[in-house]
Enquirer: 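First, the structure itself, so that you have it in front of you.
Just the heavy atoms: all of them, side chains too, but no hydrogens, waters or symmetry mates, feed the values below. Numbers for residues simply follow the sequence, beginning at 1.
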Amino acid sequence: MSEAQPQSHPEIREAVRRLCADFPGEYWQRLDRERIYPTEFVRTLTEAGFLSVLIPEQYGGSGLGLGAATAVLEEIHRSGCNGGACHAQMYTMGTLLKHGSEAQKQAYLPAIARGELRLQAFGVTEPTAGTDTTRIRTFAKRVGDKYIVNGQKIWISRAEHSDLMILLCRTTPREDCAKPSDGMSVLLVDMREAVGNGLTIRPVRTMLNHATTELFFDDLEVPAANLIGEEGKGFRYILSGMNAERILIASECIGDGRFFIDRAAAYAKDRSVFGRAIGENQGVQFPIARAYVQIAAAAEMVDKAARLFDAGADGGTEANMAKMLASEASWYAADMCIQTHGGFGFAEEYDIERKFRETRLYQVAPISTNLILSHVATHALGLPKSF
């Protein structure tokens, strides 16, 4: 598929495409059927250095910006693979990098860069709080040189395949805080020690192979030395990580959209019905062209959001807009691709139905479209809050 304009980081993109060629549709189809984590794929990405592009060189990473990370994830998804199994390692470590102590960074970041440790679990969402993060109830009580954690988390992806987890919990009750966003803290939890010693992981089966779980904390002991930053300021610490998450997932949606457009355009050229290629029919052409236009426009917003993030600007609104535009464009492209393929779009061997299910997730996670619209209404337009 021709591009509207040259894409960033062409060398990285080409290297990712070569790597992904070794993980064809059959690999992902088997994993999807059996709900298996793509260990070999994640290991290969790690060994190639693609999951440590955001880690500074002094800690063993590439020291590149978010723009490079978006190029990696976009190409993974355009190739028909799925970065959801490991993308969190890119943005969760940002909380540690920006707000952790030097001792914490030295202890963990080099090992993460080498692939000896995985930091890809992000413990925020709770059953009774949803996207209203200020109402989380998981509580960490300071007792001497440790915290005692009790509570519950839901929709925590990759918890069974991570050595470390960034955990947001309350250390001061909400009612005792001047602002609802106060009184939350971030703990770095060593999953290897926690499981079976106060932490229980329960897998949640969903419509896609996303390795998501529910977590239960029962008097889990976490060393006080694992507190990231200052107690009570955890909410603001994770905000920048959330912006990175939205931009990176938006780039995955761009990759998904281009996957669907590539497949639909190729099929429309080759598939002949009534003695002519179906791509000759404007009823087939126009939806493919519309998907191309929408993905191209959304990609520009993703690039802008990544540039703002790398420049240290307050790009929260742009990050949200990028995620919304990209997720909606990819979903349109997915529906278009199914329609173009007809019955074959539902066949497992074509990979369309798998990617269709995967890209649908991103209008809900990590933030719903409605909450993005609420953010834009209040932050960009100055409208009163609706909640």
Enquirer: Would you find a donor on one side and an acceptor on the other, under 3.5 Å apart, between the side chain of Gln104 and the backbone of Ser101?
Expert: yes

Enquirer: Quiz question: by atom type and distance under 3.5 Å, do the side chains of Thr70 and Ser251 form a donor-acceptor pair?
Expert: no

Enquirer: Answer whether the closest heavy-atom distance between the side chains of Arg290 and Val293 falls below 4.5 Å.
Expert: no

Enquirer: Give a yes/no verdict on a cation-pi contact between Arg142 and Tyr147, requiring under 6.0 Å between NZ or CZ and the six-membered ring centre and an angle within 45° of the axis.
Expert: yes

Enquirer: For the backbone of Gly198 and the side chain of Asp218, can you confirm whether one donor and one acceptor N or O come within less than 3.5 Å of each other?
Expert: no

Enquirer: In terms of heavy-atom contacts, does CZ of Arg202 have more than 12 from other residues, nucleotides or ligands at under 6.0 Å?
Expert: no

Enquirer: Could you see if Val53 belongs to whatever hydrophobic cluster contains Tyr59? Use Ile, Leu, Val, Met, Phe, Trp, Tyr and a side-chain cutoff under 4.5 Å.
Expert: yes

Enquirer: Are Ile295 and Met301 in one and the same hydrophobic cluster, where Ile, Leu, Val, Met, Phe, Trp and Tyr link if side-chain heavy atoms are under 4.5 Å apart?
Expert: no

Enquirer: For Arg35, is the CZ atom crowded, meaning more than 12 foreign heavy atoms sit under 6.0 Å from it?
Expert: yes

Enquirer: Is the side chain of Arg263 donor-acceptor paired with the backbone N or O of Tyr350 at a distance under 3.5 Å, no angle test?
Expert: yes

Enquirer: Considering residues, nucleotides and ligands other than Asp314, do more than 12 of their heavy atoms fall under 6.0 Å from its CG?
Expert: no

Enquirer: Main chain of Glu230, side chain of Tyr237: is a donor-acceptor contact present, judged purely on distance under 3.5 Å?
Expert: yes

Enquirer: With heavy-atom distances below 4.5 Å as the criterion, would you say the side chains of Glu40 and Tyr27 are in contact?
Expert: yes

Enquirer: Taking the basic N atoms (NZ, or NE/NH1/NH2) and the acidic carboxylate oxygens, is any pair closer than 4.0 Å for Glu74 and Arg258?
Expert: yes

Enquirer: Does a salt bridge link Asp351 with Arg354, judged by any charged N lying under 4.0 Å from a carboxylate O?
Expert: yes

Enquirer: Measure from NZ or CZ of Lys355 to the centre of the six-membered ring of Phe259 and say whether it is under 6.0 Å with the direction within 45° of the ring axis.
Expert: yes

Enquirer: I'd like to check Leu54 versus Leu64 (side-chain heavy atoms, cut-off strictly below 4.5 Å). Are they in contact?
Expert: no

Enquirer: Salt bridge or not between Asp182 and Arg236? Use side-chain N to carboxylate O under 4.0 Å.
Expert: yes

Enquirer: Assess the side chains of Glu57 and Ser62: does a donor N or O sit below 3.5 Å from an acceptor N or O?
Expert: no

Enquirer: For the ring pair Phe41 and Trp28, is the centre-to-centre distance below 6.0 Å?
Expert: yes

Enquirer: Can a donor-acceptor pair be found, under 3.5 Å and without considering hydrogens, that links the side chain of Ser162 to the backbone of Arg118?
Expert: yes

Enquirer: Once you round to the nearest 0.5 Å, how far does OG of Ser181 lie from CZ of Arg174?
Expert: 9.5 Å

Enquirer: Hey, any chance Val149 and Ile166 share a hydrophobic cluster, counting ILVMFWY side chains that come within less than 4.5 Å of each other, even indirectly?
Expert: no

Enquirer: So with a 6.0 Å cut-off around CD of Glu280, is the heavy-atom count from everything else above 12?
Expert: yes

Enquirer: Would you call Leu19 and Phe50 a side-chain contact if the rule is heavy atoms closer than 4.5 Å?
Expert: yes

Enquirer: Would the number of heavy atoms belonging to other residues, nucleotides or ligands and lying under 6.0 Å from CZ of Arg137 be above 12?
Expert: no

Enquirer: Hey, does Ser272 have a side-chain heavy atom less than 4.5 Å from the side chain of Ile278?
Expert: no

Enquirer: Answer whether the closest heavy-atom distance between the side chains of Ile156 and Thr212 falls below 4.5 Å.
Expert: no

Enquirer: Does atom NZ (Lys304) have a neighbourhood of more than 12 heavy atoms from anything else shown, all under 6.0 Å?
Expert: no

Enquirer: Do Cys86 and Leu45 have side chains that approach each other closer than 4.5 Å (heavy atoms only, starting at C-beta)?
Expert: yes

Enquirer: Name the one of Phe260, Phe356, Tyr362 that satisfies ring-ring contact (aromatic ring centres under 6.0 Å, His included) with Trp331?
Expert: Phe356

Enquirer: Hey, does Thr128 have a side-chain heavy atom less than 4.5 Å from the side chain of Arg135?
Expert: no

Enquirer: With clusters defined by side-chain heavy atoms of hydrophobic residues (ILVMFWY) lying less than 4.5 Å apart, directly or transitively, does Leu239 cluster with Val186?
Expert: yes

Enquirer: Can a donor-acceptor pair be found between the side chains of Glu214 and Gln152 at a distance below 3.5 Å?
Expert: yes

